[in-house]
Amino acid sequence: MSALKGIPMSISPELLEVLARMGHGDHIVLADGNFPGENQGADYVIRMDGVGVPELLEDILKLMPVDTAGKSAYVMAVPKGDPEPPVWEKYRKILKKAEGRNVKLTELERFEFYDFTKANAFAIVMTGETALYANLILVKGVVSPK
């Protein structure tokens with residue numbers, strides 16, 4: 001819980017520090033409750049079991065921009081023939097509202113997602129999200145002077 005003005009209540013002090021430490025191009029994983037986050041090799045692993053990914057995404061985007069160059073959001077692909085998880089549409093809506101543009105969700109096969117996380121994740125936030133295939137990777141953008 002934050003005792004600062006303008007910081008959403010779901011943003012813990014640990015997560016606020018990680019978001020501030022991240023630089024342009026760094027990756028943060030918002031992991032569902034089934035994700036094996038502790039063995040993915042990230043410098044920071046933050047447990048937030050009482051929050052779901054959509055709610056956390058909405059609050060993170062109040063503080064952190066998403067990269068505009070190239071691929072900026074990744075999801076774990078469902079097996080061939082399975083329908084798209086409804087949570088992905090929630091992500092698209094939240095991203096569009098926060099960023100003012102459509103942000104493409106790039107699909108990575110399950111083990112490719114794990115490998116990508118091991119190679120790129122600055123931080124992993126392990127949530128209590130119960131939706132399947134709800135893992136999301138964001139690439140931090142640039143905070144422009146206004």
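All figures in this text were calculated on a predicted structure; none of them were measured in a lab. Below, all heavy atoms of this structure are taken into account, side chains as well, without hydrogens, waters or symmetry copies. Numbering of residues begins at 1 and proceeds along the displayed sequence.
In plain terms, the two heavy atoms of Ala77 and Glu107 that are nearest each other are CB-OE1, 3.6 Å. Annotation for Leu63 and Gly6: closest pair CD2-O, 4.4 Å, computed over non-hydrogen atoms. The minimum heavy-atom distance between Pro54 and Glu129, with the atom names listed, is CD-OE1, 3.0 Å. Here the closest heavy-atom approach between residue Val53 and residue Ala31 is recorded as CG2-O, 3.9 Å. Taking both residues in full, the closest heavy atoms of Gln40 and Phe35 are given as CG-CE2, 3.7 Å, listed atom of the first, atom of the second, then distance. Nearest heavy-atom pair, Ser12 versus Ile46, reported as atom, atom and distance to 0.1 Å: OG-CG2, 4.3 Å.
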Stepwise side-chain contact (heavy atoms from CB on, under 4.5 Å) test for Val75 and Leu108: CA-CA 6 Å; Val75 291; Leu108 298 173; over 6 Å; no
Could you go through Met126 and Glu38, starting from their C-alpha distance and side-chain angles, then the distance that decides it, and tell me whether this counts as side-chain contact (heavy atoms from CB on, under 4.5 Å)? CA-CA 9 Å; Met126 297 177 64; Glu38 296 289 344; 3.9 Å; yes
Residue pair Val66, Val139: steps toward the side-chain contact (heavy atoms from CB on, under 4.5 Å) verdict: CA-CA 6 Å; Val66 174; Val139 181; 5.7 Å; no
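Residue pairs satisfying the side chain to side chain donor-acceptor pair (under 3.5 Å) criterion with at least one member in residues 60-75, sequence neighbours excluded, are listed as follows: His24-Asp67, Asp59-Lys62.
When side chains are defined from C-beta on, Val87 does not count as touching Leu136, because their heavy atoms never get closer than 4.5 Å. Using a 4.5 Å cut-off on side-chain heavy atoms (C-beta onward), Ile124 and Leu30 make no contact. Residues Ile7 and Leu16 form a side-chain contact, since some pair of their non-hydrogen atoms from C-beta on lies under 4.5 Å apart. The closest side-chain heavy-atom distance from Phe122 to Ile28 is not below 4.5 Å. In this structure, Val78 and Pro83 have side chains that are not in contact, with every pair of non-hydrogen atoms separated by 4.5 Å or more. The side-chain heavy atoms of Leu138 and His27, taken from C-beta on, include no pair separated by under 4.5 Å. Side-chain contact check for Val143 versus Pro65: some heavy-atom pair is nearer than 4.5 Å. Contact check for Leu19 versus Ile60: side-chain heavy atoms found under the 4.5 Å cut-off.
Judged purely by atom type and a 3.5 angstrom limit, Thr127 has no side-chain atom pairing as donor or acceptor with the backbone of Met48. The main-chain N or O of Arg101 is never found under 3.5 Å from a side-chain atom of Lys96 such that the two would form a donor-acceptor pair. A donor-acceptor pair is defined here as one N or O able to donate and one able to accept, closer than 3.5 Å; such a pair exists between the side chain of Glu109 and the backbone of Phe111. For Asn120 (side chain) and Phe116 (main-chain N/O), a donor-acceptor pair under 3.5 Å exists by modelled atom type. Here the side chain of Tyr91 pairs no donor or acceptor atom with the backbone of Leu105 at under 3.5 angstrom.
Partners of Glu89 by salt bridge (Lys or Arg N to Asp or Glu O under 4.0 Å), not counting sequence neighbours, listed by chain and number: Arg92.
To the nearest 0.5 Å, the span separating CG on Asp32 from OG1 on Thr130 amounts to 9.0 Å.
Hydrophobic clustering of Ile, Leu, Val, Met, Phe, Trp and Tyr side chains at less than 4.5 Å, counting indirect connections, unites Leu4 with Ile11.
Taking the six-membered ring wherever Trp is involved, the centroid distance between the rings of Phe113 and Tyr133 does not fall below 6.0 Å.
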